[in-house]
Amino acid sequence: MIRASISDLADLLSHEVEVRGWLARMRSSGKIHFLQLRDGSGFVQGVLELNAANEDLFEAAKKLRIETSLIVRGVVKEDKRAPGGVELQLTDLDAVQVPEKDFPINKPDHGIDYLMENRHLWIRTKRQADILRIRHEILKTIRQFYDDRAFTLVDTPIITGSIGESAGNCFEIDYFDYGKAYLAQTGQLYLEAACMSLGNVYNLGPTFRAEKSKTRRHLIEFWMNEAEMAYHGHEENIGLQEELVSFIVNAVLEECPDELASVGRDLSRLQNIVPPFPRMSYSEAVRFLQKKGFSVNWGDDIGGDEETVLAEGFEKPVVIERYPASSKAFYMQPDPDDETVVLCNDMLAPEGYGEIIGASERIFEKATLVRKIEEFGLDLESYKWYLELREFGTVQHSGFGMGIERVVSWICGLEHVREAIPFARTLYRIYP
RNA sequence: UCCAGCGUGGCUCAACUGGCAGAGCGUCCGGCUGUUAACCGGAUGGUUGGGGGUUCGAGUCCCUCCGCUGGAGCCA
């Protein structure tokens with residue numbers, strides 16, 4: 001008797017195995033039961049035929065319900081009728097726990113409110129498990145990408161003082177006698193400090209935005225990967241982003257073909273994602289949108305609909321660079337050729353998935369940074385340590401942040417980022 | 001926060017212009033030795049989100065509250 005994972009059964013033909021898992025679905029034709037089993041590694045159909053020797057077992061199996069946890073024993077048989085090519089001829093079965101109630105999710109016709117209310121159980125379904133497996137692959141690949149390039153992982157703090165872009169859209173918490181503290185919206189400023197020690201650094205973790213955003217692209221708590229590179233400028237920054245995104249897409253194509261197929265992704269839209277990506281300046285983008293009939297003027301923000309139009313002509317993500325200084329954060333390096341714009345870029349995913357990366361070269365001269373902080377009406381005192389980074393061996397440096405759930409949504413072809421994270425925190429939902 | 005929409009059995013939805021609350025799925029019982037969202041027969045299941053109003057009569061119209069969905073702004 002071999003204890004086996006379902007995913008390994010194809011290599012165990014004719015062996016007697018034990019599988020520990022759950023009953024995903026059950027059908028019966030009177031004298032033959034079909035038990036669809038899952039164990040986290042895959043699905044397999046267990047077949048139990050009534051015969052003189054197993055009447056008690058056959059009768060007991062009738063009492064099982066969907067999501068019964070159970071340990072089964074049987075012989076692995078090749079069968080062309082089975083989806084995975086193999087079946088289990090069951091010889092024995094122990095129910096660990098038989099549910100007293102019906103499993104709430106049993107047909108693919110539930111509404112999204114109901115599914116989110118039952119998210120803790122919804123993730124047991126194949127499609128949701130496949131999405132979470134792809135997410136895992138993406139996170140694993142991100143770490144591998146940086147590790148291959150000798151970047152150092154630096155875990156930036158989740159609780160911060162009143163530093164950041166503006167405290168208005170931060171979650172406030174009480175920090176003992178210190179007073180108010182905030183949940184991090186970004187680890188960037190800390191990565192800037194770390195890259196002056198370690199050269200090339202990255203982080204990967206949750207961030208929080210107390211914005212009442214209510215769209216298919218927004219979560220209150222989302223995961224972000226940020227990178228920061230010393231002695232790197234705008235061009236090298238974009239180059240690294242293109243490599244990273246291409247690396248992720250190709251790794252998922254390579255490692256998760258079954259999962260992508262089961263979530264219904266059109267793979268042709270993910271192939272040939274290799275550097276370089278199409279590129280456009282903000283000014284070009286505005287002229288392009290004006291030709292398409294949008295009423296945007298230079299200096300306006302580019303909204304969701306505009307982003308979709310900009311990206312739709314391309315198979316690869318599009319890089320939009322050099323936005324107006326007034327519309328971007330204070331720390332971005334002005335373009336030496338045109339001080340009205342800054343050396344920054346966004347990367348827009350194809351098919352309307354929107355901004356997946358925001359990036360910039362950072363101001364490295366203290367005097368320029370002080371001037372910008374004052375122009376933006378921010379408090380110099382609260383940027384004390386950030387300014388000190390420019391007092392001790394300051395160098396040109398650049399970095400970016402990539403939204404994990406948006407990348408997962410794009411690669412999986414999801415309608416909404418809430419399925420791209422195990423337990424989404426959205427504007428009006430914090431349960432389960 | 002603003003704009004729009006939705007709320008009817010456990011789930012997904014019908015119900016004309018205000019006139020007897022229905023179907024499919026699930027569940028339960030019975031049948032079926034190759035089912036894949038199995039199938040066939042029967043049964044079960046309702047304070048139409050809460051409150052108030054108009055009306056002979058409200059699931060339907062009005063007010064209000066609650067919940068949810070989509071979008072906007074902001075962003076990744």
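Note on naming: letters A, B, ... go to the chains in the order of the sequence lines (proteins, then strands), and numbering restarts at 1 for each one. Owing to the predicted nature of the structure, the values given are computational and were not obtained by experimental measurement.
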For [N], which nucleotide in any strand shown is its Watson-Crick or wobble partner with both distances under 3.5 Å?
N: G67(B); result: C6(B)
N: A21(B); result: none
N: G46(B); result: none
N: A76(B); result: none

Open item on the list: Using the side chain to side chain contact (heavy atoms under 4.5 Å, CB included) definition, which of the options D11(A), D8(A), L13(A) pairs with V76(A)?
Closed with: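 In the set D11(A), D8(A), L13(A), the residue that makes a side chain to side chain contact (heavy atoms under 4.5 Å, CB included) with V76(A) is L13(A).
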Base, sugar-phosphate or nothing for [X]? Non-hydrogen atoms, less than 4.0 Å.
X: K214(A); answer: base
X: E355(A); answer: sugar-phosphate
X: E405(A); answer: nothing

Suppose we call a contact any N or O donor and acceptor under 3.5 Å apart; does that hold for the side chain of [X] and the base of [N]?
X: S213(A); N: C74(B); result: yes
X: R406(A); N: C75(B); result: yes
X: H218(A); N: C75(B); result: yes

Open item on the list: Is H110(A) close enough to G10(B) that one of its side-chain N or O atoms is under 4.0 Å from OP1 or OP2 there?
Closed with: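 No, because none of the side-chain N or O atoms of H110(A) sits under 4.0 Å from OP1 or OP2 of G10(B).
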TODO: Using a cut-off of strictly less than 4.0 Å, decide whether R216(A) has a side-chain nitrogen or oxygen near OP1 or OP2 of C75(B).
DONE: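 So the side-chain polar atoms of R216(A) never come under 4.0 Å of the phosphate oxygens OP1 or OP2 of C75(B).
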Open item on the list: Classify the ring geometry of Y282(A) against Y323(A): parallel below 30°, tilted from 30° to 60°, perpendicular beyond 60°.
Closed with: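 Tilted, since the angle between the ring planes falls between 30° and 60°.
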Task: Distance under 6.0 Å and angle within 45° of ring axis: R149(A) vs F145(A) - done: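 Judged by the rule (NZ or CZ under 6.0 Å from the ring centre, within 45° of its axis), R149(A) counts as positioned above F145(A).
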- [ ] Let me know the distance between CZ of R209(A) and P of C74(B), rounded to the nearest Å.
- [x]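 Interatomic distance, CZ of R209(A) to P of C74(B): 14 Å.
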TODO: Check the distance between G71(B)'s C1' and I112(A)'s CD1 and give it to me in whole angstrom.
DONE: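 That distance rounds to 16 Å.
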Task: By side chain to side chain contact (heavy atoms under 4.5 Å, CB included) - contacts of A193(A) (at least two apart) - done: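 If we apply the side chain to side chain contact (heavy atoms under 4.5 Å, CB included) test to A193(A), skipping adjacent residues, the hits are W385(A), L389(A).
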Open item on the list: Assess the residue pair F171(A) and F208(A) against the criterion (ring pair (Phe, Tyr, Trp, His ring centres under 6.0 Å)); give the C-alpha distance rounded to whole Å, side-chain angles, the decisive distance to 0.1 Å, and a yes or no.
Closed with: CA-CA 7 Å; F171(A) 283 101; F208(A) 308 87; 7.0 Å; no
